[in-house]
Amino acid sequence: MTRRITVLGSTGSVGRSTLALLEAAAPGEFAVEALVAGRDAAALAEQARRHRPAIAVLAEDSALPALREALAGTGIACAAGRAAVAEAASRPADWTMAAIVGAAGLGPTLAALRRGGTLALANKEALVCAGPIVLRAAAASGATLLPVDSEHNAIFQALDSRLPAVPEKIVLTASGGPFRNASLAEMAAATPEQAVRHPVWSMGAKISVDSATMFNKGLEVIEAARLFPVAPERIEVLVHPQSAVHGMVQYADGSILAQLGSPDMRTPIAHALAWPARMHVDVPRLDLAALGRLEFFPPDPKRFPALRLVREALSAGGGAPTILNAANEVAVARFLDRRLGFLDIARVVEATLDGLGAPAAEELDAVLALDAAARVAADAAADRLAG
């Protein structure tokens with residue numbers, strides 16, 4: 001039977017990879033129900049003409065006239081705005097890719113989960129900022145939640161679902177980013193161009209900076225604590241420059257199961273798309289002989305304080321992870337605009353956490369209000385540092 005697919009964040013890198021996999025599938029295997037993007041009307045219109053969704057939706061209201069003009073005569077419905085995005089996420093679909101970047105993805109992700117079906121989660125912020133809310137929504141609707149981040153997808157594959165035993169430890173790997181071997185002085189002088197020059201993965205600017213600071217890996221620790229039956233203190237991070245091992249699970253008998261593969265996001269997306277089966281994907285095959293070696297190192301806490309801040313926020317509980325995420329988004333945006341130093345990103349986050357503490361945030365409205373307050377506080381902290 002044809003499976004109906006919705007892609008939230010279709011013009012981003014994960015969304016484009018998802019659509020490429022759909023296009024490579026057998027005719028009639030998939031049909032696109034809805035495509036949702038931010039403000040790029042031209043890119044969304046091109047995708048819509050190619051994949052023929054029932055509806056194409058933009059988050060930005062002002063871009064709607066351009067989208068309507070580009071899709072005139074196609075019979076594809078067009079809409080824009082926050083309510084339209086939520087409605088698109090709620091439409092009947094068998095499988096939804098949740099890949100809207102940032103806190104903006106929270107509402108649509110919850111709308112899709114409340115509908116049920118299968119949700120492939122590529123939006124870190126949904127679990128970081130509103131993990132308990134997301135998990136409650138999935139449980140209430142009976143939705144299946146599949147992780148798409150390469151590390152969490154790797155852990156998902158390595159966990160033995162037939163056995164109830166809790167694993168002793170899970171390990172998330174990190175490439176180390178462009179500053180893995182840089183001195184503190186070099187990191188202090190780092191430019192946006194240097195920070196986004198990831199040595200392995202091709203990603204957007206914000207995620208690339210998060211990889212350089214290791215906030216990206218820190219957010220993944222929070223995600224893993226929500227997704228898997230392991231206490232936070234048993235979630236380990238190791239720097240692995242080759243980016244061949246994406247995640248590992250250690251069991252009570254000392255066995256370690258690892259998932260390996262070429263660093264290509266199409267692999268975890270395809271796993272989630274075909275699960276519980278497998279589908280052929282035309283990605284480079286990992287050649288271990290050519291690779292020659294696999295290295296693992298503990299991250300340097302002095303050069304990468306993000307991991308400490310994340311663990312402190314996770315331990316504090318409440319809305320602390322929401323605050324951390326919002327402050328990081330503000331600080332990264334300022335760094336990319338050349339209004340903040342690279343090492344000041346972590347300082348802004350720490351100051352914001354110190355200032356706001358860990359208030360409760362048990363409903364979506366409270367999470368969004370705390371997110372907004374954290375952004376104001378982070379802007380003030382950044383102003384003081386830039387000062």
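Keep in mind that this is a model prediction, so the values were computed, not measured.
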Apply the test side-chain contact (heavy atoms from CB on, under 4.5 Å) to residues Leu273 and Ile5: give CA-CA distance (whole Å), side-chain angles for both, the deciding distance (0.1 Å), then the verdict. CA-CA 10 Å; Leu273 186 60; Ile5 306 295; 4.1 Å; yes
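- Note that the CG atom of Leu309 and the OG1 atom of Thr352 stand 10.5 Å from one another [nearest 0.5 Å].
- Remark: side-chain polar atoms of Ser315 are not paired, donor with acceptor, to backbone N or O of Arg311 under 3.5 angstrom.
- Checking side-chain atoms of Thr2 against main-chain N and O of Gly28 turns up a donor-acceptor pair under 3.5 Å.
- Atom CD1 in Ile345 sits 5.5 Å away from atom OG1 in Thr213 (nearest 0.5 Å).
- Between atom OG1 of residue Thr267 and atom CD of residue Gln259 there is a gap of 7.5 Å, rounded to the nearest 0.5 Å.
- Checking side-chain atoms of Asp264 against main-chain N and O of Arg266 turns up a donor-acceptor pair under 3.5 Å.
- Listed by chain and number, the hydrophobic cluster partners of Leu238 are Val171, Val245, Met248, Ile256, Leu260, Leu286, Leu288, Leu291, Leu294, Phe296, where partners are ILVMFWY side chains within reach of under 4.5 Å, directly or through others.
- In terms of modelled atom types and a separation under 3.5 Å, the side chain of Arg114 and the main chain of Ala137 share no donor-acceptor contact.
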Working for side-chain contact (heavy atoms from CB on, under 4.5 Å), residues Ile170 and Arg234: CA-CA 7 Å; Ile170 66 175; Arg234 291 191 285 121; over 6 Å; no
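- Considering CG of Leu35 and OG1 of Thr11, their distance stands at 9.5 Å, rounded to 0.5 Å.
- Between His152 and Phe228, the ring planes lie parallel to each other; the angle is under 30°, not in the 30° to 60° tilted range.
- Between Thr191 and Arg197 there is no side-chain heavy-atom pair separated by less than 4.5 Å.
- A salt bridge links Arg334 to Asp379: one of the charged nitrogens lies within less than 4.0 Å of a carboxylate oxygen.
- Here Arg347 does not pair with Glu350 in a salt bridge; the nearest charged N to carboxylate O distance is not below 4.0 Å.
- Val7 approaches Gly15 most closely through the heavy-atom pair CG1-CA, 4.0 Å.
- Rounded to the nearest 0.5 angstrom, Leu21 CG and His280 NE2 are separated by 10.5 Å.
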I'd like to know whether Leu145 forms a side-chain contact (heavy atoms from CB on, under 4.5 Å) with Leu135, so could you lay out the CA-CA distance, the side-chain angles of the two residues, the decisive distance to 0.1 Å, and finally the verdict. CA-CA 9 Å; Leu145 188 63; Leu135 297 177; 4.1 Å; yes
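- The only member of Thr109, Leu121, Thr118, Thr6 that meets side chain to side chain contact (heavy atoms under 4.5 Å, CB included) when paired with Thr96 is Thr6.
- A donor-acceptor pair under 3.5 Å is formed between the side chain of Ser262 and the backbone N or O of Pro284.
- Identified under the salt bridge (Lys or Arg N to Asp or Glu O under 4.0 Å) test for residues 269-281, with sequence neighbours left out: none.
- Other residues, nucleotides and ligands contribute at most 12 non-hydrogen atoms within 6.0 Å of the CZ atom of Arg50.
- No donor-acceptor pair under 3.5 Å is formed between the side chain of Ser141 and the backbone N or O of Arg115.
- Between Glu193 and Arg338 there is a salt bridge, since at least one side-chain N of the basic residue sits less than 4.0 Å from a carboxylate O of the acidic one.
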Let's go through Lys124 and Asn216 carefully: what are the C-alpha distance in whole Å and the side-chain angles of both, what is the deciding distance for side chain to side chain donor-acceptor pair (under 3.5 Å) to 0.1 Å, and is it a yes or a no? CA-CA 9 Å; Lys124 282 183 172 59; Asn216 191 49; 3.2 Å; yes
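- Between the Asn123 side chain and the Ile100 main chain, a donor and an acceptor come within less than 3.5 Å of each other.
- Taking each heavy atom of Ala224 and Leu172 in turn, the nearest pair found is CB-CD1, 4.3 Å.
- Following chains of ILVMFWY side-chain contacts shorter than 4.5 Å, one can reach Leu219 starting from Val196, so the two form part of one hydrophobic cluster.
- In Arg49, the CZ atom is crowded: over 12 heavy atoms of neighbouring residues, nucleotides or ligands sit closer than 6.0 Å.
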Let me see the working for His246 and Asn153 under side-chain contact (heavy atoms from CB on, under 4.5 Å), right down to the final yes or no. CA-CA 8 Å; His246 303 298; Asn153 182 265; over 6 Å; no
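- What you find for Arg226 and Leu127 is that their closest heavy atoms are NE-O, 3.0 Å.
- In this structure, Leu324 and Val349 approach most closely via the heavy-atom pair CG-CG1, 3.9 Å.
- The CD atom of Gln242 lies 6.5 Å from the CZ atom of Arg293; values are rounded to the nearest 0.5 Å.
- Not a single donor-acceptor pair under 3.5 Å links the side chain of Ser255 to the backbone N or O of Tyr251.
- Counting non-hydrogen atoms of other residues, nucleotides and ligands closer than 6.0 Å to CD of Glu233 gives a total above 12.
- Of the possible polar contacts, none joining the Arg4 side chain to the Pro92 backbone as a donor-acceptor pair under 3.5 Å is found.
- Between the side chain of Arg303 and the main chain of Phe179, a donor-acceptor pair closer than 3.5 Å is present.
- Closest heavy-atom contact between Ala377 and Leu356: CB-CD1, 4.1 Å.
- Considering Thr18, Leu19, Val36 in turn, Leu19 is the only one that fulfils the side chain to side chain contact (heavy atoms under 4.5 Å, CB included) rule with Ser10.
- Between Val14 and Ala99, the shortest heavy-atom distance links the atoms CG1-CB, 3.8 Å.
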